[in-house]
Amino acid sequence: MPELPEVETVRRGITPHVVDRRISRVLVRESRMRWPVPPELAEQLCGRRIVGTDRRGKYLLLLLDSGDRLLIHLGMSGRLFVLEQGFPLVKHDHVDIELDDGQLLRFHDPRRFGAVLLWRHDEPTHPLLIGMGPEPFSDAFDGDYLHRLSRGRSAPVKSFVMDGRIVVGAGNIYAAESLFRAGIRPTRAAGDVSLPRYRLLARKIRDVLGEAIAQGGTTLRDFAGADGASGYFQQDLYVYGRETLACRNCSTPIRRLVIGQRSSFFCPRCQR
DNA sequence: AGATTCGCCTGAGAGC
DNA sequence: TGCTCTCAGGCGAATC
């Protein structure tokens with residue numbers, strides 16, 4: 001399930017293949033995504049040159065010479081591949097963006113929670129990007145920031161850091177891992193966590209995301225980079241998906257419970 | 001305003 | 001073998 005490190009891995013994987021390439025053809029086989037693929041997509045992309053890539057949270061951006069941007073979200077099961085044109089289709093290959101060098105960018109998404117949208121050059125911002133919290137690697141994000149925004153909040157700290165309006169990129173896996181490393185129990189009310197602990201947590205969020213990016217992401221079920229390669233961060237997980245297994249730090253069995261409708265894992269001894 | 005719940009999807013795995 | 005059921009989950013929208 002692509003979170004920020006997986007999206008960044010995909011971005012880095014496709015960038016050398018797509019930047020400076022011109023789009024020759026666009027094929028939309030299935031437009032029913034999280035939001036419909038805009039009918040004018042092909043018309044707006046054909047003939048345009050891709051001048052760069054970017055990422056905002058878990059949104060991947062392809063920058064075009066027209067000033068328009070293609071906005072791609074992988075949802076839960078979305079994948080992007082760089083392939084030779086004519087590469088055999090499989091089920092759920094929804095969108096092809098053919099390039100002028102014989103390759104293509106293929107969007108594949110069984111669960112269709114993803115999105116392929118246009119961000120037109122005359123729109124100062126995209127509706128989906130309004131209100132997003134800071135990037136975890138930006139100067140705007142630190143423990144003081146988390147502490148300030150959390151005062152008076154009764155929601156669990158895990159829900160708080162997973163809220164994209166607070167900070168982007170701390171998805172279920174990485175929120176769990178960051179909280180473990182910071183020794184904070186995920187059920188604790190966000191407003192009850194002290195400043196020093198938020199400073200530690202902010203550092204751990206950055207550490208975990210940075211390490212995961214360096215490892216090419218986490219491959220649990222269906223994630224793979226643009227070249228089909230797996231990530232390796234799953235080998236470094238301390239709590240996620242490890243219910244009943246011994247804590248790597250203290251051997252206490254890892255526990256699972258549901259917080260905000262999501263599976264949450266923690267060590268009852270290391271996290272208070 | 002903040003907290004909680006819902007809904008969109010399909011594939012994998014379990015149970016019968 | 002094949003059916004049914006449950007679960008997974010990003011995140012915006014709706015509701016409390």
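The figures that follow rest on heavy atoms only: side chains count, while hydrogens, waters and symmetry mates do not. This is a predicted model, so every value here is computed, not measured. Proteins come first, then strands; the chains are lettered A, B, ... in the order of their sequence lines, and each starts at number 1.
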All salt bridge (charged side-chain N to carboxylate O under 4.0 Å, His left out) counterparts of A:Arg12, not counting sequence neighbours: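 Counting only residues at least two positions away or on another chain, A:Arg12 forms a salt bridge (charged side-chain N to carboxylate O under 4.0 Å, His left out) with A:Glu8.
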query = What residues, two or more places apart in sequence or in another chain, satisfy salt bridge (charged side-chain N to carboxylate O under 4.0 Å, His left out) together with A:Arg262?
reply =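 Testing A:Arg262 for salt bridge (charged side-chain N to carboxylate O under 4.0 Å, His left out), a comparison that skips the adjacent residues, returns none.
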Does [X] place a side-chain N or O at less than 4.0 Å from the phosphate oxygens OP1/OP2 of [N]?
{"X": "A:His73", "N": "C:dC11", "answer": "yes"}
{"X": "A:Lys91", "N": "B:dG11", "answer": "yes"}
{"X": "A:Ser263", "N": "C:dA8", "answer": "yes"}
{"X": "A:Ser154", "N": "B:dA3", "answer": "yes"}
{"X": "A:Arg256", "N": "C:dA8", "answer": "yes"}

* Under 3.5 Å, side chain of A:Arg112 to main-chain N/O of A:Asp109, donor-acceptor pair present? -> no
side-chain hydrogen bond (donor to acceptor under 3.5 Å, both in side chains) filter on A:Arg148, not counting sequence neighbours, yields none
From the list [options], which nucleotide is the closest neighbour of the side chain of [X]?
{"X": "A:Pro110", "options": "B:dT10, C:dG9, C:dA8", "result": "B:dT10"}
{"X": "A:Met76", "options": "B:dT5, C:dG9, C:dG10", "result": "C:dG9"}
{"X": "A:Arg111", "options": "C:dC11, B:dC9, B:dC6", "result": "B:dC9"}
{"X": "A:His92", "options": "C:dC11, B:dG11, B:dC9", "result": "B:dG11"}
{"X": "A:Asn172", "options": "B:dC9, C:dG9, B:dG11", "result": "C:dG9"}

By nearest-heavy-atom nucleotide on DNA chain B, the more 5' of A:Gln261 and A:Leu149 is A:Leu149
Report the distance from atom [atom1] of [X] to atom [atom2] of [N], rounded to the nearest whole Å.
{"X": "A:Arg165", "N": "B:dA1", "atom1": "CZ", "atom2": "P", "result": "11 Å"}
{"X": "A:Arg112", "N": "C:dC11", "atom1": "CZ", "atom2": "P", "result": "18 Å"}
{"X": "A:Arg32", "N": "B:dC9", "atom1": "CZ", "atom2": "P", "result": "7 Å"}
{"X": "A:Lys158", "N": "C:dG10", "atom1": "NZ", "atom2": "P", "result": "9 Å"}
{"X": "A:Phe113", "N": "C:dG9", "atom1": "CZ", "atom2": "P", "result": "12 Å"}
{"X": "A:Leu60", "N": "C:dG10", "atom1": "CG", "atom2": "C1'", "result": "16 Å"}
{"X": "A:Leu4", "N": "C:dG10", "atom1": "CG", "atom2": "C1'", "result": "13 Å"}
{"X": "A:Arg56", "N": "C:dC11", "atom1": "CZ", "atom2": "P", "result": "12 Å"}

Excluding sequence neighbours, so at least two apart, what forms side-chain contact (heavy atoms from CB on, under 4.5 Å) with [X]?
{"X": "A:Arg248", "value": "A:Tyr238, A:Arg242"}
{"X": "A:Ala155", "value": "none"}
{"X": "A:Gln261", "value": "none"}

Under 3.5 Å between N/O atoms: give me all the protein pairs with nucleotides 12-16 of chain C, atom names plus distance.
from, atom 1, to, atom 2, distance (Å)
C:dG12, OP1, A:Tyr59, OH, 3.4
C:dG12, O4', A:Arg34, NH2, 2.9

Bend of the helix from B:dG2-C:dC16 to B:dC16-C:dG2 from end-axis comparison, five pairs per end, nearest 10°, comes to 50°
In A:Phe265, A:Phe266, A:Phe180, the residue satisfying ring-ring contact (aromatic ring centres under 6.0 Å, His included) with A:Tyr240 is A:Phe265
In residues 124-137 of chain A, what donor-acceptor pairs under 3.5 Å come from side-chain atoms, sequence neighbours left out?
from, atom 1, to, atom 2, distance (Å)
A:His126, ND1, A:Leu128, N, 3.0
A:Glu135, OE1, A:Arg55, NH1, 3.0
A:Glu135, OE1, A:Arg55, NH2, 3.3
A:Glu135, OE2, A:Arg56, NH1, 3.0
A:Glu135, OE2, A:Gly57, N, 2.7

Does A:Leu64 reach the side chain of A:Leu45, with side-chain heavy atoms less than 4.5 Å apart?
yes
